[in-house]
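Order of the sequence lines sets the chain letters (A, B, ...), proteins ahead of strands, with each chain counted from 1.
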There are 2 protein chains.
Amino acid sequence: MKAKITLKDIARELEVSISTVSKALKNSEEISRDTKEKVQAFAKLYNYKPNNIAISLKNKRTKNIGVVIPDIVHHFFTTVIRGIEKYANARGYNVIVCLSEESFDKEVINMEMLANGSIDGFIMSLSSETQEKADYNHLKEVTEQGIPVVLFDRITHEVECDKVIIDDELGAYQATKKFIDQGKKKIALITTDDYLSVSEARTRGYRKALEESPMGIDESLILKLPSMELDEAAIKAFLNKMDPDAVLCVNEIFAVYSMRLVQEKGLRIPEDISFIGFTDGVLSKYANPSLTVVAQHGEKMGEVSAKMLIDKIESEAEEETYQTKILEPTLVIRDSIAH
Amino acid sequence: MKAKITLKDIARELEVSISTVSKALKNSEEISRDTKEKVQAFAKLYNYKPNNIAISLKNKRTKNIGVVIPDIVHHFFTTVIRGIEKYANARGYNVIVCLSEESFDKEVINMEMLANGSIDGFIMSLSSETQEKADYNHLKEVTEQGIPVVLFDRITHEVECDKVIIDDELGAYQATKKFIDQGKKKIALITTDDYLSVSEARTRGYRKALEESPMGIDESLILKLPSMELDEAAIKAFLNKMDPDAVLCVNEIFAVYSMRLVQEKGLRIPEDISFIGFTDGVLSKYANPSLTVVAQHGEKMGEVSAKMLIDKIESEAEEETYQTKILEPTLVIRDSIAH
DNA sequence: AAATATTACGAAAACGGTTTCGTGTTGATA
DNA sequence: TATCAACACGAAACCGTTTTCGTAATATTT
């Protein structure tokens with residue numbers, strides 16, 4: 001086992017000072033040709049690499065960014081992480097991933113852990129519990145310390161920071177409009193409680209489209225589940241009772257499960273009933289029939305978030321100006337609707 | 001913006017030395033009641049938290065572990081990360097995730113970045129390119145430096161370190177056996193090239209089960225794709241030509257896609273043809289029909305890997321003893337086979 | 001009262017780098 | 001030959017902690 005070599009080791013071996021070694025390795029003008037060559041050769045031979053921690057301490061820059069998300073076993077978050085990772089890596093940053101598991105406490109603990117010097121900035125999406133409690137003090141504390149934060153997808157307007165969202169309202173509006181244009185008459189929505197910012201926006205888009213149509217809104221066609229957890233019984237009862245001819249779901253799983261239910265009843269998709277979901281995940285693509293979805297472009301979102309964060313980290317300026325980037329969703333047409 | 005407070009700041013304000021502050025905060029016996037109370041009160045008031053980087057430099061312990069995996073948009077890896085994250089977090093460690101994207105070079109670069117002090121140990125699964133080239137020098141260098149490494153799932157025996165795998169051979173064996181017991185006569189295998197250690201093991205299990213049966217092996221019933229990428233045309237041609245009555249696939253996607261193909265031809269699942277896949281992901285559960293799979297227990301694997309790594313990190317002993325943990329897969333029976 | 005023990009604190013080194021500033025040596029200039 | 005600039009390098013501070021060791025000032029013992 002050969003331990004890592006340090007500047008001090010090189011200095012001792014070559015009988016020069018640590019400063020000389022440091023400068024020689026940076027090709028400083030101050031150091032003579034001879035010495036530089038000697039030092040660099042020695043360093044290469046023993047595979048010298050500067051210690052990141054020491055550099056971090058000196059520069060007060062870690063080149064790490066903290067990503068705090070509710071869940072990782074979820075296609076959307078997964079694609080966002082990939083976007084963040086790719087972009088951050090290209091700019092020399094590493095990504096520390098922490099999971100809040102939808103818990104407020106875990107979110108707080110994770111942020112506190114990372115905020116003590118481990119990272120240069122945060123990218124995060126709020127846990128449902130945080131959104132429910134509407135307690136954002138942990139975020140405010142971090143921003144007050146001057147640590148940049150970018151919120152994505154599940155955001156709040158109570159914290160001043162950069163934000164990246166997709167236009168969920170527009171996505172739902174377009175999807176609902178699609179149903180209306182196809183002559184659907186009983187357009188249902190399966191969503192969750194409004195404290196989840198995304199569900200709230202999607203519900204708004206659904207309402208807007210129907211309000212603009214001659215049909216108007218039938219509240220009984222809206223099913224609000226308490227969380228993103230699949231509640232099979234509730235969906236089954238709802239579909240049986242309401243018998244819609246089109247269903248918009250706030251995620252893939254609600255949609256795919258609903259499709260199975262109506263298929264078992266002998267309905268044909270999309271002739272008798274059509275479906276549109278949110279999130280362009282692996283499920284939608286391989287479902288039978290394949291599911292039309294509002295794609296959220298998670299990878300793009302991750303990239304944009306990472307770019308905003310790193311730009312802020314590396315900007316000298318003390319500008320206190322924050323932006324909110326709104327990404328446009330796209331409807332990915334598949335076999336669960338007529339086309 | 002109130003910046004973080006340091007020991008030095010507290011010392012200056014309270015007109016004591018830095019050492020005294022440090023000791024007072026640790027409740028050292030050396031410091032008087034009075035002073036301790038004063039210091040602790042002040043620290044609490046200004047929300048003092050020690051700087052992680054400084055502590056890391058001092059202790060030569062970062063409390064970070066590096067996870068290098070080929071891909072994150074992949075249910076199995078995602079569950080492993082979750083297992084790692086949960087366990088590591090409970091023991092006070094953070095997880096730095098790096099993606100190799102199946103590229104040898106990226107794997108090397110990521111490891112080098114992290115190996116310079118950023119982490120206390122690695123958990124990784126090899127990229128396909130690495131397995132193809134069979135070049136493991138980057139791993140050997142790291143272990144030679146005394147940095148502990150745990151390999152999981154996609155491993156190599158050429159590197160001395162701890163390993164965690166599931167018994168892929170056993171999983172495939174059991175699945176194939178199941179088909180045989182159900183009286184299937186043309187049992188096909190859709191797999192990938194043998195350089196992927198998991199595919200190789202699964203193919204071995206398939207062969208073993210058939211060799212033990214009166215049927216024996218029919219090489220033309222084995223389709224070897226070049227990678228895990230879904231090659232629709234190849235699978236279609238294969239299924240049309242061979243017309244099997246049971247198919248074992250090395251992943252979910254091959255299986256789900258194959259099921260669609262045969263359904264379109266009018267075959268009934270599982271009566272005419274049965275399917276078993278690998279990886280208990282979201283696809284299997286919601287596919288139509290739902291897919292029987294060999295579950296790999298990714299989360300468990302992550303947990304076990306993290307435990308092995310952290311135990312090694314924290315063990316004083318310089319033992320050079322490595323273990324390989326073999327997890328047992330389980331067959332999750334769903335509607336793609338008779339039951 | 002002298003010797004010793006205890007208390008309560010500070011100085012300084014260490015972790016591994018970067019960077020500013022000072023200085024001895026050399027060669028060129030006046 | 002005295003003066004000065006250029007060259008090449010080293011000393012030391014600094015980043016924020018922890019920890020060892022030394023030491024005044026008290027308290028206790030003989």
(message) Across nucleotides 18-26 of chain C, 5' to 3', mark each nucleotide with B, S or - according to how protein heavy atoms within less than 4.0 Å reach it.
(response) BBBB-----

(message) If the threshold is 4.0 Å, N to carboxylate O, is there a salt bridge linking B:K38 and B:D34?
(response)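 Between B:D34 and B:K38 there is no salt bridge, as every charged N stays at least 4.0 Å from the carboxylate O atoms.
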
(message) Quick test of your reading of the model: are A:K86 and A:E299 salt-bridged, counting only N-O distances below 4.0 Å?
(response)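 Judged by the 4.0 Å cut-off on N to carboxylate O distance, A:K86 and A:E299 do form a salt bridge.
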
Euclidean distance, atom [atom1] of residue [X] to atom [atom2] of [N] [Å, nearest integer]:
X	N	atom1	atom2	answer
B:R12	D:dG16	CZ	C1'	13 Å
B:R61	C:dG16	CZ	P	14 Å
B:D34	C:dC9	CG	C1'	13 Å
A:K4	C:dG17	NZ	C1'	14 Å
B:E15	C:dA8	CD	C1'	17 Å
A:D120	D:dC15	CG	P	18 Å
B:N51	D:dT18	CG	C1'	13 Å
A:N27	D:dC9	CG	P	13 Å

(message) If you assign each of B:A54 and B:V16 to its closest nucleotide in DNA chain C, which residue comes earlier from the 5' end?
(response)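 Looking at DNA chain C, the more 5' nearest nucleotide goes with B:V16.
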
(request) Using the closest heavy atom to pick a nucleotide of DNA chain C for each, name whichever of A:T6 or B:V21 lands nearer the 5' end. (result)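 The 5'-side residue here is B:V21.
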
(message) Nearest 0.5 Å, please: how far is CD1 in B:I313 from NZ in B:K63?
(response)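 Between atom NZ of B:K63 and atom CD1 of B:I313 there are 9.0 Å.
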
Does [X] have a side-chain nitrogen or oxygen under 4.0 Å from the phosphate oxygens OP1 or OP2 of [N]?
X	N	answer
A:S32	D:dA8	no
B:S56	D:dT17	no
A:K60	D:dC14	no
B:K8	D:dC14	no

(request) Would you kindly say whether A:H138 and A:E107 are connected by a side-chain donor-acceptor distance under 3.5 Å? (result)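 Present: a donor and an acceptor within the cut-off.
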
(request) For B:S103 and B:S100, test the side chains for any donor-to-acceptor distance below 3.5 angstrom and give the result as yes or no. (result)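 No, no side-chain donor-acceptor contact under 3.5 Å.
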
(request) Decide yes or no for B:V80 and B:I69: does some side-chain heavy atom of the first lie under 4.5 Å from some side-chain heavy atom of the second? (result)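 No - every pair of side-chain heavy atoms lies 4.5 Å or more apart.
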
(message) Can you give me the closest heavy-atom contact between A:N64 and A:I96, atom names plus distance?
(response)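 Heavy atoms only, the tightest pair is OD1-CD1, 4.1 Å.
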
